[in-house]
Amino acid sequence: MTDVAREFVALFGNATFWDKFGATTFSWSVGLAITAAVAVPLGLLIGSSRVLLESTSAVIEFLKPIPPIALIPLGLLMWGPALEMKLTLIVFGAMWPVLTQVVYGIREVDDVALSMARTYQLGRWQTITRIVVPSVLPFVAPGLRVSASIALIIAFVTEMVGGTEGLGQMLVAAQSSNAIAQMYALVVLTGLMGLAVNAAFRATEALMLRWHPSNRKELR
Amino acid sequence: MSVDTTSSVHQTVTEAAAPAPARRQRRESDGGPLRGRRGRVILLRAWLPVTVAVVWWAASAGSTSLYFPSLQSITETFSRDWFSMRGLDDLVPSLRNLVAGFAIASLIGVAGGLLLGSSRWAAAAAEPVVHFLRSLPPPVLLPLGLILLGTDAGMKVAIITVGAVWPTLLNTMDGVRGVDPQLRDMSKAYGLSLGQRVRYVVLPAAAPQIVAGLRTTLQISIILIVVSEMYASASGIGHYVLTAQQTFLVTETWAGTLLLGLIGFLANLIFGVGERRVLRWQDALRTNARNG
Amino acid sequence: GEAGSPTGGSGADSTTIKVGTLPIIEYAPLYIAEDQGYFEEAGLTVETQVMQNAAGIVPAVMNGQLQVGEAATIGYLNARAQNLPVTGIASAAITSKDADSDFSGLFVADESITSLSDLEGKKVAVNALKAAMHAAAAQSIALDGGDPANVEFISMPFPDMAAALERGDVDGVVVVEPFYTTLEKAGARNIGNLYTTALPAQATIGMFFASDAWLKESPEDAKKFVEAIEKAGEYAAENPDAVRQVAVEDLGMAEDVAAGMRLPGYGGQLTDDHLVATAQVMVDLGFIPEAPAAEGLTWRP
Amino acid sequence: MTLTSEPRPVSGRPARTGDASGTTTPVLEVHHLAKSYGEGPTASSVLADIDFTVRPGEFVSIVGPSGCGKTTLLKCLSGLLDPSSGSVVFEGEEIDGPPAKMTVVFQDYSRSLLPWMTVEQNIDLPLRRKFSKEERARFVAEALENVGLAGTGAKYPWQMSGGMQQRAAIARALAYQPDVLLMDEPFAAVDAQTRIDLEDLMLTVQEKYDTTVVFVTHDIDEAIYVASRVIVLSGTPTTVREVLDVDLPRPRDQIETKALPRFNELRAHLFRLIKEAKRA
Amino acid sequence: MTLTSEPRPVSGRPARTGDASGTTTPVLEVHHLAKSYGEGPTASSVLADIDFTVRPGEFVSIVGPSGCGKTTLLKCLSGLLDPSSGSVVFEGEEIDGPPAKMTVVFQDYSRSLLPWMTVEQNIDLPLRRKFSKEERARFVAEALENVGLAGTGAKYPWQMSGGMQQRAAIARALAYQPDVLLMDEPFAAVDAQTRIDLEDLMLTVQEKYDTTVVFVTHDIDEAIYVASRVIVLSGTPTTVREVLDVDLPRPRDQIETKALPRFNELRAHLFRLIKEAKRA
Ligand SMILES: Nc1ncnc2c1ncn2[C@@H]1O[C@H](COP(=O)(O)OP(=O)(O)OP(=O)(O)O)[C@@H](O)[C@H]1O
Ligand SMILES: Nc1ncnc2c1ncn2[C@@H]1O[C@H](COP(=O)(O)OP(=O)(O)OP(=O)(O)O)[C@@H](O)[C@H]1O
Ligand SMILES: [Mg+2]
Ligand SMILES: [Mg+2]
């Protein structure tokens with residue numbers, strides 16, 4: 001235990017660590033941003049058209065359970081141990097929770113609000129941005145939080161198995177050289193990274209979902 | 001009716017701005033005989049997968065690419081390896097672990113989400129642990145699992161559970177917190193018991209969000225079959241896929257991946273049946289709002 | 001060199017070679033070639049990419065992002081058995097000089113297990129199935145008169161083996177250094193030194209390979225690389241301390257562990273004979289249905 | 001409430017001992033009640049200093065301009081909201097959460113019905129802890145009948161019109177048979193004739209079961225017609241502007257009572273009060 | 001609507017050419033309108049056969065028992081619901097989706113306001129496509145002022161009382177400046193004085209901008225006071241029971257108009273009709 005703590009502290013004085021940490025954090029955040037940018041509009045598109053939803057459901061359900069880890073060799077073959085491969089796998093693995101949540105969230109849009117939009121001629125764009133998106137946000141939020149940890153996990157695993165730059169490589173090295181304390185220090189670090197991101201999400205949510213019952217000030 | 005309701009509820013959104021004639025047309029054709037409608041739904045669902053399969057088959061025919069074998073050889077390997085006794089040996093333990101892991105994850109997710117969603121104290125105390133744990137990569141948790149739980153099936157179920165519980169937990173938590181304050185007031189004013197509140201008010205109100213979480217839990221459970229069999233396994237779908245990968249048996253890797261996709265597809269079909277039952281009122285409400 | 005990125009002289013005419021590496025002591029010659037300036041002398045800049053196993057390195061080499069990869073001989077032969085377009089170019093490590101200095105071992109806790117053949121009907125953990133350690137253990141059991149088919153092999157990461165053995169989850173564990181020393185200290189018993197038992201003397205256990213395309217395209221670079229590595233191999237064979245230094249500086253091993261551990265052998269060229277013999281072991285064990293064609297398993301400058 | 005003799009069959013509550021205007025202990029006492037929303041500098045004070053009491057079996061109307069805090073007051077009375085200061089005492093004990101013997105008909109009726117249950121199930125749900133299955137079936141049917149919804153029990157709330165939903169919410173409260181019933185603009189969405197019928201229904205129920213009713217309404221005629229006292233709020237921050245004793249004879253009758261000159265006097269007075277309250 | 005001359009400043013609509021009772025082309029025609037909910041054997045017929053027309057600039061009240069189908073009718077008029085048979089013609093064209101020049105104040109006001117926007121933003125939203133930024137700011141402020149919500153624009157809907165929410169929904173519709181305004185029990189949740197003010201506001205708006213208003217209400221006095229005609233529905237399945245011409249002089253005045261003997265006649269007549277309709 002104290003060994004782990006010591007190793008943990010030692011990490012911060014280690015220049016290589018900061019390189020790898022930077023690489024992991026970078027690919028993770030970029031990957032997550034792409035995930036959101038892809039999955040939310042895609043979910044809105046699919047979720048708001050019955051034809052699209054029915055047509056794509058089989059293919060999506062088929063793709064969802066494919067473990068990104070099984071795709072690493074293919075990714076390596078196509079891109080090598082490069083950032084593109086890592087980002088592709090992150091997006092592939094992390095987009096499903098957001099997509100699923102958006103599709104479900106669309107059902108929750110209040111029909112009185114939609115009628116209102118129609119009578120006031122809000123148009124498709126306004127209807128989507130002003131009514132559908134805010135209604136769906138409470139669904140997107142947990143989806144994104146799940147995706148964030150999945151993205152972190154995939155980043156780590158592609159680094160471990162696929163040799164892309166990052167903390168995962170350090171973990172492999174620690175594992176194979178029996179540096180157990182360092183290994184667990186890295187594990188603790190991933191957990192803390194997840195914790196930090198969650199805090200960031202909470203803060204953003206509290207801001208963006210101020211109106212939502214879950215964030216309204218306790219009335220009692 | 002029941003066939004298309006899951007998705008047709010979304011119609012309203014497009015309708016909000018859809019050109020009117022299209023709407024009119026749809027309504028008229030809706031009036032057709034049930035058989036025709038069901039046929040169309042099946043057609044709608046099948047055209048894309050069938051197209052993908054055909055295109056894949058054609059494009060990969062006679063493939064000499066080492067990592068992209070022809071679909072034909074993949075399906076041959078698939079039927080060789082999965083339609084056999086040995087296939088059963090791999091399939092049965094994996095599916096058993098999947099079902100057990102998913103079931104436990106669902107229960108813990110919903111129960112834990114209810115608790116964390118309804119009590120600020122519980123949430124404040126438990127959330128840091130939750131978010132810490134859910135960020136740990138399962139391949140890293142695996143060794144911990146080995147140390148704590150040994151090498152038997154229990155460990156694999158535990159890996160699936162621990163990895164897949166989070167979407168349901170987070171969604172239930174958020175869903176419970178988002179219950180209309182008016183409904184909370186009503187439950188208090190009528191002195192509903194805790195059990196009644198949970199069973200008749202909170203759970204149904206949070207159901208759409210819980211169900212969405214369960215879908216993702218299901219997806220992750222299937223993925224975790226593979227991860228859980230990374231170590232301490234001598235059989236199972238994950239073992240098959242990983243060993244094939246390690247020994248460059250590309251066609252087998254594809255066949256295993258195909259199987260995972262199929263399991264996901266079938267599991268979601270089953271899930272959809274249960275979901276329609278749970279959310280029947282919501283479906284009816286939405287359909288009703290649309291057709292008026 | 002600094003862990004993970006031994007970048008050498010960067011003269012204007014230097015060629016860059018990217019190597020997919022496994023962070024284990026078998027591949028010390030790579031770091032030594034860097035440390036001793038052999039790469040620089042040859043006008044090469046070598047960059048490394050740490051990966052977990054051959055399954056990842058092979059496609060990356062085929063793709064051309066990496067020019068050279070490291071793999072256990074068994075891993076390489078697995079790839080060749082599937083006709084993947086890669087060819088061995090140099091030996092990294094060979095079996096240790098003798099059984100006593102062998103850096104691989106099979107440890108048990110149970111008093112009643114005294115020989116490898118006693119493991120029949122038991123459960124044995126290896127780091128990966130159908131990989132080097134699995135093959136070495138199975139072959140050693142067979143040579144001891146046991147039937148490896150009656151041994152249940154399961155995969156498990158090295159760091160967890162000691163605990164699993166102690167708890168009785170498994171009856172035997174197959175390890176290499178530095179886990180060897182750890183287990184020894186923990187009081188487990190070694191009942192067989194595997195590589196020296198299973199394989200002929202001086203057999204290559206870890207090697208470098210490259211894609212056929214690159215070998216055809218840049219045979220000159222490949223030649224320089226192979227020569228530098230072979231030179232480093234000789235150096236490693238003669239200077240075990242240099243190897244221990246790599247273990248500490250490049251692999252991040254603790255100094256006391258590195259100082260006391262057994263080492264594999266180094267030096268020599270990669271030869272078809274050794275690979276064919278190993279391939280035969282794999283066929284015997286049923287890991288692959290038939291041996292890959294003998295010719296073309298290795299590339300010579 | 002403890003001085004009584006003859007128990008009533010259904011909810012086991014004692015029959016009334018005296019007239020509503022008698023000297024029995026109050027069932028509800030509101031002492032210096034104040035309530036503001038929000039905290040710190042952004043807090044907005046809604047109720048300033050409210051004092052009144054309600055005697056058992058009394059029918060009290062509350063009127064006041066829109067947004068003055070009637071709903072807030074009702075929520076404080078029912079223990080759904082904690083007052084910022086002051087207290088609400090129910091049957092001698094300070095309130096801290098909704099008492100079992102009290103219930104509320106919410107202003108936002110459409111959102112207080114559970115959309116996943118039929119109307120029948122909605123009404124039945126709170127009865128499960130109190131009554132046997134047969135009793136429940138009878139009470140549900142009776143309540144639906146009373147509010148003019150007989151035969152629609154199998155509908156979901158969202159299959160009903162606004163007025164029907166509101167009546168379903170009333171039916172739920174009636175079937176629950178509370179000792180104290182708080183109603184927040186309960187007839188706002190029904191037509192004139194139904195409103196009249198429901199007013200009379202409330203009078204009957206109150207008479208028969210001796211229920212204490214606190215009734216928020218915007219309809220001045222209604223406020224006077226049903227009540228024994230009318231509490232007029234003015235604000236904001238809101239205080240009790242006047243408590244009007246409705247000294248009209250009982251039983252009340254829609255035609256006769258409203259034709260009384262005294263009714264018109266009260267009406268005119270109340271109207272003036274509200275007009276002033278709104279201007280304030 | 002095309003015969004006109006003098007364009008109006010704000011929404012560019014032509015000024016009225018004649019009196020509401022004149023012979024201009026109708027703005028809304030309802031032909032044999034029928035509507036049932038559900039399909040097949042479970043279908044329930046709500047509207048049976050509705051026929052009426054509304055002339056430009058007219059103020060029409062619709063009354064009828066709770067649940068008879070007023071909201072359903074309004075939704076058909078606005079193109080939100082497709083009729084089961086028959087048609088609704090707006091400015092000469094069969095309606096098929098909500099026309100741009102028309103809007104609706106929904107009965108379920110609390111759900112028609114978006115909880116993630118402040119009241120101001122809610123009102124502003126539909127104006128974005130029509131007006132410049134400055135105009136919008138002015139219209140929003142004016143509309144809030146008109147419904148007595150000046151100064152509360154920065155609140156979220158869920159921070160407001162029921163009546164305030166309802167007024168916010170009205171303000172949104174007014175700021176939108178439609179040619180035709182359909183209102184579904186728009187004053188149900190406000191106090192008597194505010195109601196009076198809003199009735200007069202509607203009359204002013206209608207007069208000033210020549211807006212056509214179709215107005216569902218349960219308040220019989222109100223139905224007569226604001227309207228030029230009252231359509232009485234009876235049901236179910238619902239038909240038009242009577243169309244009552246309100247031959248009261250304009251401008252109307254809360255005291256004077258309601259004191260007219262004719263007002264009382266109309267009132268009594270209407271009351272009887274509704275009573276009968278309910279019994280039916
Ligand atoms: N979505 C729906 N599905 C099925 N039936 C419905 C639906 N909406 C309304 N109805 C039925 O149609 C009838 C008329 O409803 P509507 O809302 O139009 O009445 P209303 O005249 O507006 O009543 P109120 O004055 O109470 O608002 C009611 O009997 C109701 O049960
Ligand atoms: N959740 C809240 N947060 C902040 N302010 C609120 C909240 N609820 C109500 N208010 C404010 O408190 C005041 C009183 O609201 P309340 O709902 O009690 O009024 P009311 O008398 O019931 O009005 P109405 O007759 O329109 O229903 C209003 O000014 C409103 O803006
Ligand atoms: Mg109120
Ligand atoms: Mg209505």
What's the separation between atom [atom1] in [X] and atom [atom2] in [Y], rounded to the nearest 0.5 Å?
{"X": "A/Gln101", "Y": "B/Gln209", "atom1": "CD", "atom2": "CD", "value": "6.5 Å"}
{"X": "A/Ile153", "Y": "B/Ile220", "atom1": "CD1", "atom2": "CD1", "value": "8.0 Å"}
{"X": "A/Ile60", "Y": "B/Phe265", "atom1": "CD1", "atom2": "CZ", "value": "12.0 Å"}
{"X": "B/Leu170", "Y": "A/Asn198", "atom1": "CG", "atom2": "CG", "value": "7.5 Å"}
{"X": "B/Ile223", "Y": "A/Lys64", "atom1": "CD1", "atom2": "NZ", "value": "10.0 Å"}
{"X": "A/Leu99", "Y": "B/Arg215", "atom1": "CG", "atom2": "CZ", "value": "11.5 Å"}

Nearest atoms (heavy-atom pairs only) where [X] meets [Y]:
{"X": "A/Pro138", "Y": "B/Asp174", "result": "O-OD2, 4.4 Å"}
{"X": "B/Pro128", "Y": "A/Leu195", "result": "O-CD1, 3.0 Å"}
{"X": "B/Ala212", "Y": "A/Thr100", "result": "O-CG2, 4.2 Å"}
{"X": "A/Tyr104", "Y": "B/Pro208", "result": "CD2-O, 4.0 Å"}
{"X": "B/Gly264", "Y": "A/Pro65", "result": "CA-CG, 3.6 Å"}
{"X": "A/Phe62", "Y": "B/Leu262", "result": "CE1-N, 3.6 Å"}

Should A/Glu205 and B/Arg177 count as an ion pair when the cut-off is N to O under 4.0 Å?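 Judged by the 4.0 Å cut-off on N to carboxylate O distance, A/Glu205 and B/Arg177 do not form a salt bridge.
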
Report yes if some heavy atom in the side chain of B/Leu260 is under 4.5 Å from a heavy atom in the side chain of A/Pro67; otherwise report no.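 Answer yes - side chains close enough.
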
Counting C-beta onward and ignoring hydrogens, is there a side-chain heavy-atom pair between A/Leu74 and B/Phe68 closer than 4.5 Å?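 Yes; the side chains approach each other to less than 4.5 Å.
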
If you count heavy-atom pairs within less than 4.5 Å of chain A, which of [options] leads?
{"options": "B/Glu127, B/Met173, B/Gln219", "answer": "B/Gln219"}
{"options": "B/Leu258, B/Ile263, B/Leu279", "answer": "B/Leu258"}
{"options": "B/Leu242, B/Leu269, B/Leu266, B/Asn171", "answer": "B/Asn171"}

Which atoms of B/Leu43 are under 4.5 Å from chain A, going by heavy atoms: the side chain, the backbone, both sets, or neither?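 Neither the backbone nor the side chain of B/Leu43 comes within 4.5 Å of chain A.
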
Under 4.5 Å from any heavy atom of chain A, what part of B/Val179 do you find: side chain, backbone, both or neither?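 Backbone only.
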
Chain B: which of A/Gly194, A/Ser55, A/Ser149 shares the most heavy-atom pairs with it under 4.5 Å?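 Of the candidates given, the most pairs with chain B belong to A/Ser55.
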
Under a 4.5 Å heavy-atom cut-off, does chain B meet the side chain of [X], its backbone, both or neither?
{"X": "A/Ser147", "answer": "neither"}
{"X": "A/Met78", "answer": "side chain"}
{"X": "A/Ile66", "answer": "both"}
{"X": "A/Val188", "answer": "both"}
{"X": "A/Leu152", "answer": "side chain"}
{"X": "A/Ile150", "answer": "side chain"}

